Amino acid sequence: MSEHSHLAWTWQGSAEPDALELKRIAVPSLATGEVLVRNAVIGLNPVDWKVLGPGLIDWEKDHVPGVDGAGTVVALGEGVDSSWLGQRVAYHQSLAKPGSYAEHTPVAARALMRVPDAVSFDTAASIPCPALTAWLAIEKLPVIPNAPLLISGAGGAVGHYLVQFAAARGFAVTAMCNQRHWQRLQAMGAQRCIAGPLAAGQSWPEADAASFYAVIDSVNEDHAARLTPALKANGHIIAIQGRLSEWPCAPFGRTLSMHEVALGALHWYGDDEAWQQLTAAGEKIMADLAAGRLVAEETVATGFDKLPELLDQLRHRQFSGKPLVRVNP
């Protein structure tokens, strides 16, 4: 085995996870400002199977997918501080760059988050996409103590952290999700749980109109639009899985504010200050997990050779918990 090659799952043009091919390929060279992370654990996310099909980004054959990972920095590119060498880190990678589905990943140093010794690589790899997306969403809202906040799709990975972040900031949280998640979310700070999501064609009940200061939706753009009647005047609608196509109220009517959230925006448009804020938030999340101030998701882990199988199971929602792939157990 050459020290300049490694194993990686590669994209071959198919939208099907089982069409990924495991190959030995060259380890990517490092650009200025990058480090090479030897991956210990890969975190799988819904975007990982969605991006395999057309529409999100154009890849060339043999591109290595994957956005989340955790491991150890083993090499430094030009301009990177030597203190990063040997550090335990977690990261969220750009979809346009070689991804985490490999033994090694080149990552911009500014995107790295240091992992405390008390936090396992399993937990660290489970954090970036869902927890940082949740942090970006809650950051959109000015904090008003006891303001009623509705989180829809709260049973998912993003909702798991959103409920905790919102409760810690003093919002009165209502979680909308399947009843099987209610006990867990109430234990993490949800004051109330309601059934959801709304079915296609189902409207928000008129009796509960204008009940919430803000709504954070992680279902889809149509579902977010159906929830806008729940907002009070000057309320906020935050869409995570798709932006609203139309403004939900007449000009100068209820004066609602619309927000969208996507981690990918920082990879394309984020400056060093924005990345410093995001990675500091990620490191605080891990510190809070280590101290017991936050609860991590339960995980489902498999070996590197089973990555496509687990990704396909995630696509079809065949298990509960955060899917992880251990690269070299």
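None of the values given here were measured: they were computed from a predicted structure. Positions are given from 1, in the same order as the sequence printed here.
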Leu311 side chain near Leu52 side chain, heavy-atom distance below 4.5 Å: yes
Heavy-atom side-chain contact between Ile216 and Ile240 under 4.5 Å: yes
Ring center gap for His160 and His181 short of 6.0 angstrom: no
So Val107 and Val89, do their side chains get closer than 4.5 Å, heavy atoms only? no
Got a sec, which residues hit side-chain contact (heavy atoms from CB on, under 4.5 Å) with His63, two or more places apart in sequence or on another chain? Trp59
Side chains of Gln12 and Leu20: closer than 4.5 Å at any heavy-atom pair? no
Would the His316 and Trp49 ring centres measure less than 6.0 Å apart? no
Using the rule side chain to side chain donor-acceptor pair (under 3.5 Å), only one of Asp122, Asn45, Asp68 pairs with Lys322; which is it? Asn45
For the residue pair Arg114 and Trp84, would you count it as a cation-pi contact if the rule is NZ or CZ under 6.0 angstrom from the ring centre and within 45 degrees of the ring axis? yes
Please indicate whether Glu206 has more than 12 foreign heavy atoms, meaning atoms of other residues, nucleotides or ligands, lying under 6.0 Å from its CD. no
Below 30° counts as parallel, above 60° as perpendicular, anything between as tilted: where do the rings of His259 and His236 land? parallel
Mind telling me whether Phe171 and Tyr213 have parallel, tilted or perpendicular rings, with 30° and 60° as the class edges? parallel
For residues Leu185 and Leu149: do they belong to one hydrophobic cluster (side chain heavy atoms under 4.5 Å, members Ile, Leu, Val, Met, Phe, Trp, Tyr)? yes
Polar contact flag, side-chain donor to acceptor under 3.5 angstrom, Ser126-Thr123: no
Heavy atoms from other residues, nucleotides or ligands near CG of Asp58 exceed 12 (cutoff 6.0 Å): no
Contacts under 3.5 angstrom, residues 293-301 side chains, donor-acceptor by atom type, not counting sequence neighbours:
| from | atom 1 | to | atom 2 | distance (Å) |
| --- | --- | --- | --- | --- |
| Arg293 | NE | Asp288 | OD1 | 2.7 |
| Arg293 | NH2 | Asp288 | OD1 | 2.8 |

Kindly indicate whether the side chain of Lys232, heavy atoms from C-beta on, has any atom under 4.5 Å from the side chain of Phe212. no
For residues Glu34 and Thr32, is any side-chain donor paired with an opposing acceptor at under 3.5 Å? no
Is Met113 close to Arg88 at the side-chain level, that is, under 4.5 Å between some pair of heavy atoms? no
Run the side-chain contact (heavy atoms from CB on, under 4.5 Å) test on Asp18 and Asp312 for me, step by step, so that the C-alpha distance in whole Å, both residues' side-chain angles and the decisive distance to 0.1 Å come before the verdict. CA-CA 7 Å; Asp18 62 6; Asp312 193 57; over 6 Å; no
Can a salt bridge be assigned to the pair Arg243 and Glu221 using a cut-off of 4.0 Å between side-chain N and carboxylate O? no
